[in-house]
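Shown next, in structure tokens, is the structure this report addresses.
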Amino acid sequence: MKNSIIPANTIDQNRFVTISDFKTCMRYHGETEFMWKGITYSITHYNGCISISHSRRQDTEMLKKTADEILEYMVGEDRLRDVITQVTVLYRTI
């Protein structure tokens, strides 16, 4: 039996096409790491909340209950809601 390697998604396949796409990912507890203007951010789920922060910088963490609340997080000078379809998604579940 031959082992096959499943290739990782491309950046284009990982991107959020619409805000609805992002909200669906959050509803199913998806996690993501993305880059915006040279800074990497992480979104995870913790204790019934959604956590967003600069990657590996707990001092920037915000915990919220809904995707709509997370979309208000400021990524640099931009609100996540305004740029979620433009960010470079490095990793994404769901």
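Treat the numbers as computed from the prediction; the structure is a model and nothing was measured.
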Nearest-0.5 Å distance that lies between atom [atom1] in [X] and atom [atom2] in [Y]:
X: Q86; Y: K37; atom1: CD; atom2: NZ; value: 9.0 Å
X: M74; Y: D82; atom1: CE; atom2: CG; value: 8.0 Å
X: R92; Y: F22; atom1: CZ; atom2: CZ; value: 9.5 Å
X: I43; Y: F34; atom1: CD1; atom2: CZ; value: 5.0 Å
X: I84; Y: C25; atom1: CD1; atom2: SG; value: 9.0 Å
X: Q58; Y: S42; atom1: CD; atom2: OG; value: 12.0 Å

Sub-4.5 Å side-chain heavy-atom contact between Y73 and T60: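 Side-chain contact under 4.5 Å: yes.
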Same hydrophobic cluster for [X] and [Y], using side-chain heavy-atom links shorter than 4.5 Å among ILVMFWY?
X: I39; Y: V83; value: yes
X: V75; Y: L63; value: no
X: I19; Y: V87; value: yes
X: L90; Y: I70; value: no

Option among M62, K65, K64 that satisfies the side-chain contact (heavy atoms from CB on, under 4.5 Å) test with C49: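 So the option named by the test is K65.
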Geometric class of the H54/Y41 ring pair [parallel <30°, tilted 30-60°, perpendicular >60°]: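 Ring orientation of Y41 relative to H54: perpendicular.
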Pairing of R81 and D68 as salt bridge, 4.0 angstrom limit: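 Between D68 and R81 there is a salt bridge, with a charged N closer than 4.0 Å to a carboxylate O.
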Give a yes or no answer on whether the side chain of [X] reaches the backbone of [Y] with a donor-acceptor pair at less than 3.5 Å.
X: S51; Y: Y46; value: no
X: T85; Y: F16; value: no
X: T93; Y: E31; value: yes
X: D21; Y: V17; value: yes

Taking all heavy atoms of [X] and all of [Y], pick out the closest pair and write down the distance.
X: I50; Y: T66; value: CD1-C, 3.7 Å
X: L71; Y: R79; value: O-CG, 3.5 Å
X: R15; Y: V89; value: CA-CG2, 3.8 Å

Qualifying residues under side-chain contact (heavy atoms from CB on, under 4.5 Å), relative to S20, sequence neighbours excluded: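 With neighbours one apart ignored, the set is T18.
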Partner set under side-chain hydrogen bond (donor to acceptor under 3.5 Å, both in side chains) for Q13, not counting sequence neighbours: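 In terms of side-chain hydrogen bond (donor to acceptor under 3.5 Å, both in side chains), with neighbours along the sequence ignored, Q13 is linked to T10.
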